[in-house]
Amino acid sequence: MDSTVPRDARLLGTVAGAAVPAPQRSVTSLPPSVPLATTCVESFLGGPWSLPWSPTAPALARAAIRDVLPQWGLGGLVPTAELLVSELVCNALRHAAGPLRLTLERLSDLRCVVSDGASQPVRPTEAGPEDESGRGLVLVSTLAARWGCQYRSDGKSVWFELSSDADPKGDDARPEGDRKCEAE
């Protein structure tokens, strides 16, 4: 695939300036009676990209979403993915420590992973009607097909998945997000 063209000259050499990887094909082991065409799964991996520990990080993550998803045929997911990646990056900037990384993965669905260097647990909060913050993980839980976190010895990764066959116009009968947090 072509390399991504940055939307702004200030983004050169950052997430938006990174090359978008070509599809990777993986072949699973199935009996010889199954045709090879049904055993190939096209997958895409973008990143991990390092994000600066600064207020510009959410904008760079959104730029990566806007640049990569249409190239993967997932342009309809851009608005929701931009909102959710902004929430996860802002949460990391507010509550965690560096390094900060973004990874995008596509098999049948889109998975967006924001990793940081802190091992504090992810704690959804209950925001009151007058509170100016505290709704990020509620948005993630509401809009994502699934989300969760994985704790590692060097920090954690918080991820969400968006269904590639989701109705981009929105659907009030959306299933509730499936949250899963695990230690590695």
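FYI, side chains are in, hydrogens and waters are out, and symmetry mates aren't considered; it's all heavy atoms of this structure. These numbers come from a predicted model, not from an experiment.
Contact detail for Ser163 and Ala145: the closest heavy-atom pair is N-CB, 4.2 Å. Heavy-atom minimum distance, Phe160 versus Ala144: CB-CB, 3.9 Å. The minimum heavy-atom distance linking Thr103 with Pro48 is given by the pair OG1-CB, 3.2 Å. Residues Pro52 and Leu100 come closest through the heavy atom pair O-CD2, 4.1 Å. Across every non-hydrogen atom of Leu93 and Ser54, the tightest pair is CD1-O, 3.4 Å. The minimum heavy-atom distance linking Ala81 with Leu110 is given by the pair CB-CD2, 4.3 Å.
Counting heavy atoms from C-beta outward, Cys112 and Leu84 have side chains that stay 4.5 Å or more apart. Under the 4.5 Å side-chain criterion, counting only non-hydrogen atoms from C-beta, Phe44 is not in contact with Leu69. Between Lys156 and Asp116 the shortest side-chain heavy-atom distance falls below 4.5 Å. Within the 4.5 Å cutoff, side-chain heavy atoms of Trp72 are placed close to those of Leu104. Val158 is not listed as a side-chain neighbour of Asn91, based on a closest heavy-atom distance of 4.5 Å or more.
Considering Val113, Val114, Thr80 in turn, Val114 is the only one that fulfils the side chain to side chain contact (heavy atoms under 4.5 Å, CB included) rule with Val85.
Distance alone, capped at 3.5 Å, places no donor-acceptor pair between the Ser157 side chain and the Gln150 backbone. At least one donor-acceptor pair closer than 3.5 Å links the side chain of Ser86 to the backbone N or O of Glu82.
Asp109 pairs by the side chain to side chain donor-acceptor pair (under 3.5 Å) definition with Arg146, not counting sequence neighbours. The side-chain contact (heavy atoms from CB on, under 4.5 Å) search around Pro55 returns none, not counting sequence neighbours.
Between the CG atom of Leu77 and the CG atom of Leu143 there is a distance of 11.5 Å, given to the nearest 0.5 Å.
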